[in-house]
Amino acid sequence: MNHLKDKLQELKQFQDDAIICIQTLGQFNLWRNNEKVDSKQWGRDKTVQLLQYLISNRTRHALHKEKIMDHLWEDGDDRDFKVALHGINKVLEPERPSRTEPSYVIRQGISYQLDLEKIWIDVEALEQYVIIGNEAFGEDISISKAAYKSAIALYQGVYLPNRVFEDWSSEEREKIQILILGAYVILAEILLNENPLESIRLAQCAIAIDKTWEDAYRLQMQAYLIKGNRPQAIKAYQKCADVLDQEYGIDPLPATKKLLQEIENIN
């Protein structure tokens, strides 16, 4: 498990050391040498869009310029791409000498990708923290807890909220939502006996993101039961049943019904 502990430390260190740090959750911000880049420095919105597209597709192989333009701008042309790319490089490296290769956007012919070893991005870090948490789960709970807590600390809201209607951002948004819901629920499960009130809070955070997330209701029921609050546990079930009926016209899962039965059978 030492390698996971080291990896956790490396991730935290990278956030402290990175010259470029990018926030995509809750809002979009970029810091260069710990100074937030003013919105005026971006110039055109197409510059921001291009960077956000590269972030959304950061784990793929280098992206072909034509494919990028097709996804981003229906009426875009080669000039739009060049201007937007120049704008990104200018924001990331305002002091870079002309005719030298950019440090942060890797170019291979007419394909482009971000250098993830040099740019700290909140969604990338969140994903890595969740991976560590999952790997450590059942082996080293302290590492698992620390990793999930780090992931949750980074979650400031929906991914790129100003691009929620853009198709190219939806896959990443859905992936991050699943990851953060998992982090909330698994951490709530880990803390169930140790700190049931915190489990209830974490489960509520998951429900705030997705009110149909049944695992979270089940954890609340268990936590209330540990606290000796049987009426509140039953209330949590009823809330779950009502939401599922309203949203999908379905009943809670057998596991949730079974838990209710166990709670009701307590003398």
Side-chain angles (χ1 to χ4, degrees), residues 24-26 56 59 123 126-127 129-131 133-138 141 144-145 147-149 151-267:
T24 62
L25 297 164
S56 299
T59 56
V123 282
L126 186 152
E127 188 173 349
Y129 282 129
V130 171
I131 289 168
N134 292 347
E135 278 188 47
F137 186 68
I141 287 299
S144 200
K145 261 200 279 193
Y148 290 132
K149 282 179 180 176
I152 286 166
L154 290 177
Y155 188 75
Q156 300 297 310
V158 71
Y159 176 70
L160 295 181
N162 62 330
R163 306 293 182 199
V164 288
F165 301 113
E166 303 286 356
D167 287 344
W168 52 264
S169 70
S170 61
E171 188 180 329
E172 183 68 13
R173 187 170 298 107
E174 287 161 16
K175 181 182 80 175
I176 292 301
Q177 181 168 311
I178 295 292
L179 287 174
I180 198 62
L181 285 168
Y184 275 126
V185 165
I186 298 170
L187 184 57
E189 192 180 330
I190 291 169
L191 296 173
L192 197 54
N193 291 300
E194 176 191 325
N195 190 345
L197 282 177
E198 179 62 3
S199 286
I200 291 165
R201 188 192 72 81
L202 290 164
Q204 195 55 46
C205 289
I207 291 164
I209 295 170
D210 183 347
K211 62 182 178 180
T212 66
W213 205 253
E214 198 168 337
D215 288 354
Y217 290 103
R218 215 161 35 241
L219 277 161
Q220 285 192 330
M221 290 163 71
Q222 291 171 299
Y224 281 123
L225 197 57
I226 290 166
K227 290 293 291 176
N229 194 337
R230 188 163 159 264
Q232 201 63 40
I234 293 169
K235 204 172 172 182
Y237 173 87
Q238 199 51 57
K239 177 69 177 167
C240 174
D242 290 346
V243 167
L244 290 173
D245 184 46
Q246 286 164 14
E247 294 295 313
Y248 302 126
I250 59 172
D251 289 337
L253 289 166
T256 314
K257 288 181 176 179
K258 184 171 180 275
L259 180 58
L260 174 70
Q261 205 168 19
E262 287 169 9
I263 293 165
E264 287 177 334
N265 288 340
I266 294 169
N267 293 321

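Side-chain contact between D251 and L244 is absent, with no heavy atoms from C-beta onward closer than 4.5 Å. The side-chain heavy atoms of Y129 and L154, taken from C-beta on, include a pair separated by under 4.5 Å. Here the side chains of T256 and M221 are in contact, with some heavy-atom distance below 4.5 Å. A 4.5 Å side-chain heavy-atom check between Q220 and Y237 finds every atom pair outside the cut-off.
Identified under the salt bridge (Lys or Arg N to Asp or Glu O under 4.0 Å) test for residues 190-206, with sequence neighbours left out: K145-E194, E198-R201.
Looking at every heavy atom in both residues, A147 comes nearest to G133 through CB-N, 3.5 Å. Nearest heavy atoms, I180 versus I152: CD1-CA, 3.9 Å. Closest approach of A223 to I200, counting heavy atoms only: CB-CG1, 3.4 Å. Minimum heavy-atom separation, C240 to E214: SG-CG, 3.7 Å. Summarising the geometry of V158 relative to P161, their closest heavy-atom pair is O-CD, 3.4 Å, with the distance given to 0.1 Å.
Remark: S199 OG to K227 NZ distance equals 11.0 Å, nearest 0.5 Å. Rounded to the nearest 0.5 Å, atoms CD1 (I207) and CG (L181) are 10.0 Å apart. S170 contributes atom OG, which lies 11.5 Å from atom CG of L160 (distance to the nearest 0.5 angstrom). Taken to the nearest 0.5 Å, the CD atom of E127 stands 7.0 Å off from the OG1 atom of T59. One distance of note links CG of L202 with CD1 of I186; it measures 12.0 Å at 0.5 Å rounding.
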**Message:** Set out, in order, the CA-CA distance, both residues' side-chain angles and the distance that settles side-chain contact (heavy atoms from CB on, under 4.5 Å) for Q222 and L225, then state yes or no.
**Reply:** CA-CA 5 Å; Q222 291 171 299; L225 197 57; 5.6 Å; no

**Message:** Pair L25, L126 - check side-chain contact (heavy atoms from CB on, under 4.5 Å), show working.
**Reply:** CA-CA 10 Å; L25 297 164; L126 186 152; 3.9 Å; yes

**Message:** As a quick check of understanding, evaluate side-chain contact (heavy atoms from CB on, under 4.5 Å) for I190 and F137, giving each step before the final call.
**Reply:** CA-CA 9 Å; I190 291 169; F137 186 68; 3.6 Å; yes

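Of the possible polar contacts, one joining the N265 side chain to the Q261 backbone as a donor-acceptor pair under 3.5 Å is found. Y148 contributes a side-chain N or O that, together with a main-chain N or O of N134, makes up a donor-acceptor pair within less than 3.5 Å. Judged purely by atom type and a 3.5 angstrom limit, E172 has no side-chain atom pairing as donor or acceptor with the backbone of Y159. Although no hydrogens or angles enter the test, the distance criterion places a donor-acceptor pair under 3.5 Å between the side chain of R230 and the main chain of I263. For Y217 (side chain) and K211 (main-chain N/O), a donor-acceptor pair under 3.5 Å exists by modelled atom type. Checking side-chain atoms of S169 against main-chain N and O of R163 turns up a donor-acceptor pair under 3.5 Å.
Comment: K175 does not engage E171 in a salt bridge, judged by the lack of any side-chain N to carboxylate O separation of less than 4.0 angstrom.
For the side chain to side chain donor-acceptor pair (under 3.5 Å) test, residues two or more places apart in sequence or in another chain that qualify with D242 are Q238.
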